[in-house]
2 protein chains.
Amino acid sequence: MVKLSDVAALAGVSPAAVSRVLSGDTTLRVSEGTRQRVMAAAQQLDYVPNHAARSLRTSRTSTIALVVPDVTSAVFAELARGAEDEAGARGLAIVLGRAERLHDDRDWLRRLVGEGRIDGVILQLPDGTPPADLESLVVQDTPIVVINSVDDGPLSTIVLDDAAGIRLAMDHLRRLGHTDIGFIGGLLGSATGARREAAFRAAMAEAGLSPEEAWMTRLGYAGTDGRAAAVRLLESATLPTALVVANLNAALGVLAEIHDRDLRVPGDISIVAMHDVWYADATWPPITTVRMPLSELGAAAVVALADSGSGVIHTVLDSPAPQLVVRRSTAAPRAGG
Amino acid sequence: MVKLSDVAALAGVSPAAVSRVLSGDTTLRVSEGTRQRVMAAAQQLDYVPNHAARSLRTSRTSTIALVVPDVTSAVFAELARGAEDEAGARGLAIVLGRAERLHDDRDWLRRLVGEGRIDGVILQLPDGTPPADLESLVVQDTPIVVINSVDDGPLSTIVLDDAAGIRLAMDHLRRLGHTDIGFIGGLLGSATGARREAAFRAAMAEAGLSPEEAWMTRLGYAGTDGRAAAVRLLESATLPTALVVANLNAALGVLAEIHDRDLRVPGDISIVAMHDVWYADATWPPITTVRMPLSELGAAAVVALADSGSGVIHTVLDSPAPQLVVRRSTAAPRAGG
DNA sequence: CTGAAAGCGCTTACAG
DNA sequence: CTGAAAGCGCTTACAG
């Protein structure tokens with residue numbers, strides 16, 4: 001490996017000068033001639049600074065951890081892409097972590113931080129993480145941004161505009177003429193679930209409708225959760241003409257259960273789900289969704305971390321706004337409906 | 001941050017002794033008394049070694065890069081989980097990379113390696129990567145393991161037992177009585193696609209059947225690719241009674257297109273797909289799949305990297321064997337079929 | 001504008 | 001069995 005002193009030797013300057021040139025020293029006290037010779041030498045030798053040495057010296061790692069509960073979730077891929085792109089543009093690396101580790105091995109994050117491997121953490125909490133667990137994450141002044149989870153507390157948070165998303169879904173259904181609307185929500189204790197449910201209730205109230213509690217479930221975001229929710233909901237004496245599903249994954253399960261009972265979507269029941277992932281377009285029927293700005297959330301988290309030092313923030317990412325993606329799972333309720 | 005010398009001071013020994021104790025020096029030249037005092041001191045101070053310093057000194061990073069073409073792919077999540085678990089157990093961190101970077105920014109991997117940020121790379125090649133590009137990845141003796149892609153070449157490779165997987169799917173269909181079987185494959189130029197297609201042809205030949213070329217497509221693994229393949233295939237004068245789809249994602253698209261044409265699965269056409277992901281169970285009908293050992297592949301790649309030095313290897317991961325997961329997308333062909 | 005020097009926190013031959 | 005010393009490759013006050 002070619003090192004700083006090699007470049008210095010070739011350029012005929014001191015290592016210090018090379019360091020200053022290459023790091024784009026803010027107080028640029030370097031002559032143009034020196035700069036040029038250094039740049040030429042570095043290029044010629046294909047010099048790449050040693051990360052460990054720089055990190056040891058500066059106590060900065062240019063690395064952040066992305067800790068998520070579930071890589072298979074509807075939201076992860078886009079989130080990761082946004083984070084990765086923003087990180088890449090800033091020369092930051094992203095190390096992957098699974099949120100289960102926070103439970104299985106409580107020292108894991110502390111160790112990662114303690115070893116000085118990361119400058120900060122982007123953390124999506126598993127649904128229903130007790131607030132007490134949050135406190136325990138406040139580690140040695142390493143910045144942590146909690147995303148798509150809680151929207152207050154001792155750690156910085158960035159959340160999606162869940163209320164706007166739900167409103168979009170509800171507007172769509174209302175415009176189609178639905179009044180009997182059910183809600184398939186996140187886990188009881190899930191922060192996003194609570195926000196989405198609250199937004200659903202608010203939208204119903206605004207429309208002068210009162211939600212039918214038998215049509216509301218809180219079983220979670222996974223496909224199997226959605227299916228279980230549908231099983232329960234479809235037991236009701238009367239059925240809603242439309243469902244707002246708080247997560248696309250759950251919506252797949254709902255769809256499967258509805259098919260199983262030989263009901264029709266959207267003929268018997270319309271479905272609109274939060275989050276837009278490729279498979280929303282590959283189900284039968286394709287599912288109308290609300291596209292949330294997930295890649296932007298990932299990017300925003302990286303930015304927040306990179307620019308941190310501003311203390312704890314609590315942000316709702318309301319731009320770009322959620323977008324309704326109309327597919328074939330929604331239609332006007334049947335005349336008899 | 002508490003450092004080595006703090007532990008040494010508390011234990012009343014030299015930093016060197018602490019280092020030896022804590023690193024579990026192979027040539028354990030340390031008395032039991034010293035060891036105990038050091039351990040006690042380290043525990044008391046909650047000592048965690050500084051990663052940068054250790055890395056600078058040893059030139060090892062305990063970090064590997066996991067570079068994949070697409071985090072949304074059917075295979076990624078499980079792969080990542082397997083890699084993450086194995087890495088975690090070995091105290092290795094995993095940094096995430098997107099394979100597009102290999103194209104967009106040809107120096108990216110070289111830089112990552114050059115900076116000394118990683119000890120090795122697990123790389124899933126984008127489908128159809130030209131062999132020449134492989135050569136260019138042979139970087140400064142940093143071990144690279146190419147997974148689920150090519151199965152030979154200048155870099156180490158580990159692939160799934162695609163042939164066994166396809167054979168399982170074919171056996172299932174043959175046992176149900178199918179003879180008119182189509183194949184929806186990976187991209188032309190995709191190594192996995194080629195292996196799966198070859199296995200399909202072999203299985204057909206073994207059964208004394210000759211594949212109908214109009215029923216074979218090579219459009220890729222994405223949902224939209226599957227749909228495009230189905231569009232083309234369903235134009236044929238006669239239709240197959242069953243399809244082997246080389247990737248579950250594509251199978252969703254196939255299913256959607258079949259629905260769109262008011263054909264029935266499995267009534268008109270049976271479908272069996274490679275890879276088993278949660279949503280195979282949440283489609284309508286749920287899809288019969290072949291479960292491939294993806295998490296084991298991820299783990300094996302980590303192991304190969306960690307134990308590398310053994311030179312270039314080419315491995316087919318044939319254990320655990322692929323497993324058929326029978327759901328409702330396959331049935332005997334209709335009498336008239 | 002530039003260089004000499006110290007030091008970030010470890011590990012590891014080398015002595016003893 | 002243990003310690004003193006050197007050094008991994010950088011950066012950054014401090015002089016000049």
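Naming: A, B, ... by sequence-line order, numbering from 1 per chain.
Residue side chain A/Arg20 reaches the base of C/dG3 through a donor-acceptor N/O pair under 3.5 Å, judged by distance alone.
Using a distance-only test at 3.5 Å, with no hydrogens or angles considered, no donor-acceptor pair links the side chain of A/Ser295 to the main chain of A/Gly82. The main-chain N or O of B/Val145 is never found under 3.5 Å from a side-chain atom of B/Ser156 such that the two would form a donor-acceptor pair.
B/Ser59 comes within contact range of no nucleotide atom at all, as no heavy-atom separation falls under 4.0 Å. Within 4.0 Å (heavy atoms only), A/Ala16 reaches at least one base atom of the nucleic acid. Within the 4.0 angstrom heavy-atom criterion, only backbone atoms of the sugar-phosphate kind lie near B/Thr34; the bases stay farther away.
What separates CZ of B/Arg35 from P of D/dT2 is a distance of 10 Å, to the nearest Å. D/dC8 atom C1' lies 15 Å from atom NE2 of A/His51, rounded to whole Å. One interatomic measurement links the two molecules: CZ of B/Arg37 to P of D/dC1, which rounds to 14 Å at whole-angstrom precision. Protein atom CG of A/Asn50 is 13 Å distant from nucleotide atom C1' of D/dT11, rounded to whole Å. Atom pair B/Leu22:CG and C/dT12:P shows a separation of 13 Å (rounding to whole Å applied). Separating the CG atom of A/Leu4 from the C1' atom of D/dT11 is a distance of 9 Å, rounded to the nearest angstrom. The CE-P distance, from A/Met1 to D/dG7, rounds to 21 Å in whole Å. A straight line from NZ of A/Lys3 to P of D/dG7 spans 11 Å, rounded to a whole angstrom.
On the P atoms, C/dA13 is 23 Å away from C/dG9, given to the nearest whole Å. C/dC10 and C/dC14 are spaced 24 Å apart, taking the P atom of each and rounding to whole Å. Of the P atoms belonging to C/dA6 and C/dT2, the separation is 23 Å, rounded to the nearest Å. If you take atom P in C/dA5 and the same atom in C/dC1, they sit 23 Å apart, rounded to whole Å.
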Secondary-structure string, 5' to 3', Watson-Crick or G-U under 3.5 Å, | for another-strand partners, for DNA chain C: |||.||||||||.|||
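With B/Leu294 as the fixed residue, the side-chain contact (heavy atoms from CB on, under 4.5 Å) test singles out one of B/Leu317, B/Val277, B/Leu160: B/Leu160.
Salt-bridge formation is detected for the pair B/Arg90/B/Asp307: a Lys NZ or Arg NE/NH1/NH2 atom is positioned less than 4.0 Å from an Asp or Glu carboxylate oxygen.
Side-chain proximity of A/Pro49 to the nucleotides C/dG3, C/dC10, D/dC10 is greatest for D/dC10. Checking D/dC10, D/dT11, D/dG7 against the side-chain heavy atoms of A/Ser19 singles out D/dT11 as nearest. Closest approach to the A/Arg57 side chain among C/dG9, D/dG9, C/dG3 is made by D/dG9 (side chain taken as heavy atoms from C-beta onward).
Of the side-chain N and O atoms in B/Arg54, one or more sit less than 4.0 angstrom from OP1 or OP2 of C/dT11. For B/Tyr47 and C/dG9, the shortest distance from a side-chain N or O to OP1 or OP2 is not below 4.0 Å.
Side-chain contact between B/Glu296 and B/Pro320: present, with at least one pair of heavy atoms (C-beta onward) separated by less than 4.5 Å. Side-chain contact check for B/Ile64 versus B/Leu66: every heavy-atom pair is 4.5 Å or farther apart. Side-chain atoms of A/Val302 and A/Leu92, non-hydrogen and from C-beta on, do get closer than 4.5 Å to each other.
Judged by closest nucleotide on DNA chain D, B/Gly12 is the one of B/Gly12 and B/Ala53 placed further toward the 5' end. Comparing B/Pro15 and B/Leu56 against DNA chain D, the residue whose closest nucleotide sits nearer the 5' end is B/Pro15.
Note on residues 116-126 of chain B: pairs passing side chain to side chain donor-acceptor pair (under 3.5 Å), not counting sequence neighbours, are A/His51-B/Arg117, A/Thr63-B/Arg117, B/Thr61-B/Asp119, B/Glu115-B/Arg117.
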